[in-house]
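Reviewing the structure listed below.
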Amino acid sequence: MTALVSRVSTRDKILELLKKETILTVSELSKSLGITEMAIRKHLHILERDSFLVINEVRQPMGRPIQVYSLSPKAEELFPSSYENLTVEFLHDLEELHGEEIIDYLLEKRSERLKNSYKQNMQNKNFEEKIEELKNIQIKKGYMADVTKIDNETYEFVEYNCPIYTVAKEYKKACSCETEMFKEVLGTSNVKRKTCKADNDEHCRFLIKDHD
């Protein structure tokens, strides 16, 4: 039987790189993808035409300014999103009827379900394996997660996309629930959210340590 191969277009790769790095030049995209700058420019032209890019010029100490590319707000539509504006409207209605406590309760219930689900995948794993498993789970859920080992006990965990961004922007409780869920799943109280997309940071970054 012939295995099915998932094909990712060059344009998708450009979008993913810009999502992760936030700002890139044609030269940097060319080097990362291993294709010519001319080919990169053709793809960028199409993305710009479709209003998925923002182009700015950066002055250099010497020579002409260089163009840098970043994603436009419209490009967020291209990345996984689990909640739409309708969900936020429902939450607003619930809050108006029952107060803020009902929103906290719902977000905590969601976090509890996720925790119980994630924990099933953490059995018989050491800390590093748990971090890697958490990354894989979050990738499947659309978070574009990545992890870097800083030293024997410390890891940087990054989520380049937020599928619940619309909710998290309105209700920061969603972010604190995620942080607490990570602690429970990984078995450490030392999980610190250093940056948060819902606070207008580029990405969600966590510093995670094996021990307190």
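Quick note: residue numbers are just sequence positions, from 1. All heavy atoms count here, side chains included; hydrogens, waters and symmetry mates do not.
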- Message: What verdict does the side chain to side chain donor-acceptor pair (under 3.5 Å) test give for Q67 and Y69, after you've listed the backbone C-alpha separation in whole Å, the side-chain angles of each residue and the deciding distance to 0.1 Å?
- Response: CA-CA 7 Å; Q67 287 188 324; Y69 296 81; 3.3 Å; yes
- Task: Please report the closest heavy-atom contact between I102 and L94, naming both atoms and the distance.
- Result: CG2-O, 3.6 Å
- Query: Is a donor on one side and an acceptor on the other found under 3.5 Å between the side chain of K169 and the backbone of I164?
  - Reply: no
- Item | NZ/K42: more than 12 non-hydrogen atoms of other groups inside 6.0 Å | no
- Task: Find out if a path of hydrophobic residues (ILVMFWY) with successive side-chain heavy-atom gaps under 4.5 Å connects L134 to Y160.
- Result: no
- Query: Quick one: is the NZ or CZ of K194 closer than 6.0 Å to the six-membered ring centre of F206, and within 45° of its axis?
  - Reply: no
- Could you tell me whether H45 atom NE2 has more than 12 heavy atoms of other residues or ligands within 6.0 Å of it? no
- Item | Backbone N/O of N121 and side chain of K125: donor-acceptor pair under 3.5 Å | yes
- Short question: side chain of E129, backbone of N126 - any donor-acceptor pair under 3.5 Å? yes
- Test K197 against E76 for salt bridge (Lys or Arg N to Asp or Glu O under 4.0 Å), laying out the working first. CA-CA 12 Å; K197 192 171 176 64; E76 291 293 334; 3.8 Å; yes
- Message: Does D199 form a side chain to side chain contact (heavy atoms under 4.5 Å, CB included) with K172? I'd like the steps, not just the answer.
- Response: CA-CA 9 Å; D199 287 335; K172 288 303 302 294; 2.9 Å; yes
- For the residue pair F127 and Y155, does the interplanar ring angle fall in the parallel (under 30°), tilted (30 to 60°) or perpendicular (over 60°) class? tilted
- Item | Gap separating the CD atom of Q120 from the CD1 atom of I137, nearest 0.5 angstrom | 9.5 Å
- Task: Kindly indicate whether the side chain of I55, heavy atoms from C-beta on, has any atom under 4.5 Å from the side chain of E48.
- Result: yes
- Item | Path from L47 to V54 over hydrophobic side-chain contacts below 4.5 Å | no
- Message: In the structure I gave you, are the side-chain heavy atoms of Y143 and E178 within less than 4.5 Å of one another anywhere?
- Response: yes
- Query: Can you tell me if R205 uses its side chain to pair, donor with acceptor, with the backbone of R193 under 3.5 Å?
  - Reply: no
- Could you state the interatomic distance from CD (E133) to CD (Q123), rounded to the nearest 0.5 Å? 11.0 Å
- Message: Could you check whether R113 pairs with E108 (Lys NZ or Arg NE/NH1/NH2 to Asp/Glu carboxylate O, under 4.0 Å)?
- Response: no
- Is it the case that more than 12 heavy atoms not belonging to E96 sit under 6.0 Å from its CD atom? no
- When you measure from the side chain of N116 to the backbone N and O of E112, does any donor-acceptor pair fall under 3.5 Å? yes
- Query: With distance as the sole criterion, is a donor-acceptor pair present between the side chains of K141 and N161 under 3.5 Å?
  - Reply: no
- Query: Does the distance from a Lys or Arg side-chain N to an Asp or Glu carboxylate O, for K192 and E156, drop under 4.0 Å?
  - Reply: no
- Per the salt bridge (Lys or Arg N to Asp or Glu O under 4.0 Å) rule, which among K19, K20, K13 passes with E16? K20
- Of the non-hydrogen atoms in I35 and S30, which two are nearest, and what is the gap between them? O-OG, 2.5 Å
- Query: Judged by modelled atom types alone, do Y171 and E95 share a side-chain donor-acceptor pair under 3.5 Å?
  - Reply: yes
- L91 to V167 - nearest heavy-atom pair and separation: CD1-CG1, 4.0 Å
- Take atom CG of N152 as the centre, draw a 6.0 Å sphere, and report whether it contains more than 12 heavy atoms from other residues, nucleotides or ligands. no
